[in-house]
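Everything on this sheet refers to the single structure shown next.
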There are 2 protein chains.
Amino acid sequence: MDQQTIRKAGLKVTLPRMKILEILEENAQRHMTAEDVYKELLLRDEEIGLATVYRVLTQFEAAGLAERHHFEGGQAVFELNRGEHHDHIVCLTCGKVEEFMDETIEKCQAKIAKKHGFTIADHSLILYGECNNPKCPNRPK
Amino acid sequence: MDQQTIRKAGLKVTLPRMKILEILEENAQRHMTAEDVYKELLLRDEEIGLATVYRVLTQFEAAGLAERHHFEGGQAVFELNRGEHHDHIVCLTCGKVEEFMDETIEKCQAKIAKKHGFTIADHSLILYGECNNPKCPNRPK
DNA sequence: AATAGAAATGAGAAGCTTACGCATTGGCGT
DNA sequence: ACGCCAATGCGTAAGCTTCTCATTTCTATT
């Protein structure tokens with residue numbers, strides 16, 4: 001139940017938060033910008049302001065429900081946290097994002113952090129390139 | 001000679017470009033924002049506009065002279081390209097940035113790209129954490 | 001159920017970073 | 001030394017995100 005998800009995050013259960021969570025769940029395979037979420041809300045005739053979308057997404061992030069990524073292009077994208085950590089490959093031509101996870105890289109990172117005397121809190125690994133998909137050049141949006 | 005660096009990049013040798021390159025060289029251990037560079041120019045009584053700083057930094061980036069990184073915090077930072085590729089560890093408390101390079105990780109990335117059918121053009125790996133330096137909590141700025 | 005208090009929302013405006021337009025300035029080849 | 005064309009500076013504009021504050025909505029309480 002979504003309500004529990006929100007409540008456990010220490011947030012009041014409100015309509016905007018329910019709707020936004022719902023949209024993020026339905027688009028779990030995509031990575032959505034705040035604007036994307038807002039547009040989706042408009043399509044559903046929900047009277048939710050863009051400011052609220054940003055606020056809620058930021059709260060979700062703070063609560064660990066969602067992650068914010070800064071891919072190239074200035075606009076931040078959000079995705080629901082589904083438990084398993086992963087990194088991203090982004091196609092510079094069509095914008096497609098794929099996810100991956102490599103145990104070796106994770107271990108190397110820990111090793112490097114130790115060598116530098118750092119305690120790692122988080123990391124961001126993004127590979128940029130061309131997806132080589134025949135249909136790729138059709139940029140979305 | 002700096003002039004050669006700029007000329008070889010296909011850019012006209014102008015005073016702003018010289019000064020900005022100079023500042024980047026003198027602060028090679030730091031990672032500077034456009035604003036940082038601009039302030040440094042003001043200190044030196046150079047009549048160079050912020051718009052020019054952004055323009056020149058972007059040109060340096062396009063010419064491969066400098067790299068632009070998007071660490072957390074929205075503001076992009078620039079650093080001169082000194083030939084050898086490297087990634088970054090950023091201290092979330094004091095903002096200190098250290099550089100590293102790990103052959104194993106680089107190889108893993110290539111492997112992952114191949115597995116996903118991507119041709120890698122670039123990548124961004126940033127570790128965030130605490131530097132554990134006794135003097136760390138004195139945030140700069 | 002009704003109510004009070006606190007938190008959340010919506011709308012617009014502000015803030016911040018970055019890019020742009022245009023008149024003026026300044027390199028660089030001849 | 002001269003002139004062309006690129007580069008600059010200033011102001012302004014654009015894009016993304018956050019803030020302000022009056023109003024609404026949730027939740028705990030009566």
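Proteins get letters first, then strands, A, B, ... in listed order; numbering begins at 1 in each.
- Once rounded to the nearest 0.5 Å, the distance linking OG1 of A/Thr52 with CG of A/Leu15 reads 11.0 Å.
- The side-chain hydrogen bond (donor to acceptor under 3.5 Å, both in side chains) search around B/Arg7 returns none, not counting sequence neighbours.
- We find that A/Lys19 and A/Glu47 are not joined by a salt bridge, their nearest charged nitrogen and carboxylate oxygen being 4.0 Å or further apart.
- Here C/dT17 presents its P atom at 10 Å from CG of B/Asp36, a figure rounded to the nearest Å.
- Applying the salt bridge (Lys or Arg N to Asp or Glu O under 4.0 Å) rule to A/Glu98 yields the partners A/Lys96; only residues at least two apart in sequence or on another chain are considered.
- Side-chain atoms of A/Glu130 and A/Thr93 include a donor-acceptor pair closer than 3.5 Å.
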Output side-chain donor-acceptor pairs under 3.5 Å for residues 120-127 of chain B, partner residues at least two apart or in another chain, one line each.
| unit_1 | atom_1 | unit_2 | atom_2 | d |
| --- | --- | --- | --- | --- |
| B/His123 | ND1 | B/Gln109 | OE1 | 3.0 |
| B/His123 | NE2 | B/His85 | NE2 | 3.3 |
| B/His123 | NE2 | B/Asp87 | OD1 | 3.2 |

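- A salt bridge (Lys or Arg N to Asp or Glu O under 4.0 Å) check over residues 50-61 of chain A, counting only residues at least two apart or in different chains, returns the pairs A/Glu61-A/Arg68.
- In 5' to 3' order, the nucleotides of DNA chain D bounding all contacts with chain A (an atom under 4.0 Å from a heavy atom) are D/dC16 to D/dT27.
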Original post:
If the sugar-phosphate is the primed atoms plus P, OP1 and OP2 and the base is the rest, what is the B/S/- string for nucleotides 18-30 of chain C, using protein heavy atoms under 4.0 Å?
Top reply: BSBB----BSS--
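- Among pairs with a residue in residues 44-63 of chain B, none fulfils ring pair (Phe, Tyr, Trp, His ring centres under 6.0 Å), at least two apart in sequence or across chains.
- Residues satisfying the side-chain hydrogen bond (donor to acceptor under 3.5 Å, both in side chains) test with B/Arg30, not counting sequence neighbours, are none.
- Distance CD (A/Glu46) to P (C/dG10): 10 Å, rounded to an integer number of Å.
- Side chains of B/His86 and B/Glu67: a donor-acceptor N/O pair is absent below 3.5 angstrom, by distance only.
- Ring orientation note: the planes of B/Phe118 and B/His116 are nearly perpendicular, at an angle over 60° on the 30°/60° scale.
- Within the structure, ring pair (Phe, Tyr, Trp, His ring centres under 6.0 Å) contacts touching residues 8-47 of chain A (residues at least two apart or in different chains) are A/His31-A/His88.
- Each end of the helix from C/dA1-D/dT30 to C/dT30-D/dA1 gets its own rotation axis from five pairs of C1' atoms, and the angle between them is 30° to the nearest 10 degrees.
- Residues of residues 16-23 of chain B that place a heavy atom closer than 4.0 Å to DNA chain D, in numerical order, are B/Pro16, B/Arg17.
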Solution key, residues 22-29 of chain B side-chain donor-acceptor pairs under 3.5 Å, sequence neighbours excluded:
| unit_1 | atom_1 | unit_2 | atom_2 | d |
| --- | --- | --- | --- | --- |
| B/Glu26 | OE1 | B/Arg44 | NH2 | 2.7 |
| B/Asn27 | ND2 | B/Ile23 | O | 2.9 |

